[in-house]
Amino acid sequence: MEWVNETLVRQFVFLGFSSLAGLQRLLFIVFLLIYLFTLGTNAIIISTIVLDRALHTPMYFFLAVLSCFETCYTFILVPKMLVDLLAQKKTISFLGCSIQMFSFLFLGCSHSFLLAAMGYDRYVAICNPLRYTVLMGYGVCVGLVAAACACGFTVSLVTTSLVFHLPFHSSNQLHHFFCDISPVLKLASHHSRLSQLVIFMLGVFALIIPLLLILVSYIRIISAILKIPSSVARYKAFSTCASHLIVVTVHYGCASFIYLRPKSHYSSSQDTLISVSYTILTPLFNPMVYSLRNKEFKSAVRRTMVQTSYPVN
């Protein structure tokens with residue numbers, strides 16, 4: 001433990017997997033394989049969408065951006081976690097911790113607002129199909145992604161500034177495997193109720209507002225689908241939304257459990273388990289849901305592989 005200016009904390013020690021000392025090498029292998037598969041799957045999704053002109057639509061544009069977010073998101077957290085699983089000293093500097101928290105929150109919050117944009121895209125596609133190309137033009141799609149990033153940047157900047165302006169003079173042992181908000185706050189020597197309230201309200205803004213927008217979109221989508229006379233057409237319309245709904249449920253379920261609880265209900269072991277799910281498993285799960293269930297995307301992958309293997313002169 002390093003100290004300056006009368007026990008000012010300069011680094012943190014991760015204790016996230018300390019209770020599983022005998023399994024850390026096995027966890028390293030399992031997490032590494034999942035991480036490599038996730039990177040490979042997202043690389044295939046992004047490259048296929050870029051290379052296949054049939055996928056140059058708003059839905060796949062948002063999916064490519066989502067895959068980029070998840071690739072960066074896992075890159076911020078997983079490599080450090082893998083190194084720590086094999087290291088004797090699992091530390092991160094004070095500055096490194098703040099950068100990790102800012103980056104993680106930026107991508108996570110942007111992801112939330114991007115899911116809301118994807119919900120709006122499905123609403124326009126089903127409720128206003130004749131005006132879809134006008135309402136969801138390239139400029140609108142880029143604007144929605146930029147707005148999602150701007151909201152994510154604002155939330156992450158304010159939250160990280162509030163957390164790391166607090167005094168850290170006591171323990172530097174972080175009961176987690178990355179610099180998440182609650183574990184770091186728990187180490188602060190003291191913090192005002194105002195800072196706690198602001199951080200909580202920012203969490204509400206980043207989670208509840210996009211979720212409400214998604215709910216409004218799907219209320220209108222379901223209402224429109226129920227008016228379709230053909231059962232086959234109804235099924236086809238709803239199936240285009242199923243992947244998005246699954247990802248929304250997983251994302252907001254995990255995030256709400258972690259960030260919208262009273263501080264008195266904080267449990268380091270419980271949070272570590274949930275955090276593993278949304279840092280390791282969810283980024284693996286999302287591309288599989290969107291790509292492997294999608295016949296159009298699988299056809300595009302085959303076309304891209306053929307074109308890459310046998311390029312037309």
Side-chain angles (χ1 to χ4, degrees), residues 1 8-20 73-74 76-78 80-81 84 90-112 151-211 250-283:
M1 194 183 299
L8 180 67
V9 172
R10 294 183 62 191
Q11 68 176 13
F12 297 100
V13 179
F14 292 127
L15 301 178
F17 297 108
S18 57
S19 60
L20 302 172
Y73 177 88
T74 54
I76 289 164
L77 302 179
V78 179
K80 171 63 176 169
M81 182 191 69
D84 287 342
K90 311 175 195 301
T91 60
I92 188 170
S93 67
F94 190 87
L95 177 61
C97 191
S98 64
I99 292 173
Q100 188 185 61
M101 181 182 290
F102 170 80
S103 304
F104 158 71
L105 289 175
F106 167 63
L107 291 166
C109 295
S110 299
H111 185 214
S112 290
C151 291
F153 179 83
T154 303
V155 171
S156 60
L157 181 64
V158 175
T159 302
T160 306
S161 300
L162 286 172
V163 170
F164 285 93
H165 273 85
L166 298 172
F168 293 88
H169 292 153
S170 52
S171 172
N172 70 343
Q173 296 187 337
L174 200 65
H175 290 272
H176 213 354
F177 61 90
F178 72 95
C179 295
D180 206 353
I181 299 172
S182 294
V184 174
L185 278 178
K186 198 173 182 183
L187 297 183
S189 302
H190 61 83
H191 39 84
S192 66
R193 291 187 178 275
L194 178 60
S195 64
Q196 290 184 59
L197 179 62
V198 171
I199 291 170
F200 179 78
M201 292 307 297
L202 287 170
V204 170
F205 171 73
L207 290 172
I208 301 301
I209 300 301
L211 183 57
V250 173
H251 173 78
Y252 286 101
C254 292
S256 298
F257 179 84
I258 294 290
Y259 299 108
L260 299 182
R261 292 173 304 165
K263 189 184 174 186
S264 58
H265 293 176
Y266 171 74
S267 167
S268 58
S269 59
Q270 217 174 35
D271 278 19
T272 299
L273 181 62
I274 297 295
S275 296
V276 166
S277 72
Y278 71 73
T279 56
I280 300 288
L281 300 180
T282 303

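All residue numbers in this chain count up from 1 along the given sequence. In this text, all values refer to a predicted model and were calculated from it rather than measured experimentally.
- Counting only N and O atoms by type, the side chains of Thr282 and His251 include no donor and acceptor under 3.5 Å apart.
- In this structure, Asn172 contributes its side chain and Val13 its backbone to no donor-acceptor pair below 3.5 Å.
- Below 30°, between 30° and 60°, or above 60°: for Phe102 and Phe106 the angle between ring planes is below 30°, a parallel geometry.
- Using modelled atom types, one side-chain atom of Lys90 and one backbone atom of Asp84 make a donor-acceptor pair closer than 3.5 Å.
- Heavy-atom minimum distance, Val78 versus Thr279: CG2-O, 3.8 Å.
- Screening Phe178, Phe177, Phe168 against Phe12 for a ring pair (Phe, Tyr, Trp, His ring centres under 6.0 Å) leaves a single residue, Phe168.
- One N or O on the side chain of Ser98 and one on the backbone of Leu95 form a donor-acceptor pair closer than 3.5 Å.
- Between the CZ atom of Phe14 and the CE atom of Met81 there is a distance of 11.0 Å, given to the nearest 0.5 Å.
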(request) Just do the side chain to side chain contact (heavy atoms under 4.5 Å, CB included) check on Leu105 and Val155 with the steps written out, would you? (result) CA-CA 8 Å; Leu105 289 175; Val155 171; 5.8 Å; no

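- Atoms SG and CZ, from Cys97 and Arg10 in turn, are 14.5 Å apart once rounded to the nearest 0.5 Å.
- The two atoms that bring Thr91 and Lys80 nearest to each other are O-NZ, 2.6 Å, heavy atoms only.
- By the SG-distance test at 2.5 Å, no disulfide connects Cys151 to Cys109.
- With rounding to the nearest 0.5 Å, the separation of CD1 in Ile199 from CG in Leu162 is 5.0 Å.
- Residue-environment remark: CZ (Phe153) stays at or below the threshold of 12 foreign heavy atoms within 6.0 Å.
- For the pair Phe164 and Val184, the tightest heavy-atom approach, listed with the atom from each and the gap, is CZ-CG1, 4.2 Å.
- Distance check: Gln100 CD to Thr160 OG1 gives 11.0 Å after rounding to the nearest 0.5 Å.
- In this structure, OG in Ser112 is found 9.0 Å from CG in Leu211, a value given to the nearest 0.5 Å.
- Contact detail for Gly152 and Ser110: the closest heavy-atom pair is CA-OG, 3.6 Å.
- Nearest heavy-atom pair across Pro183 and His176 is CG-CD2, 3.3 Å.
- Taken to the nearest 0.5 Å, the SG atom of Cys179 stands 12.0 Å off from the CD1 atom of Ile76.
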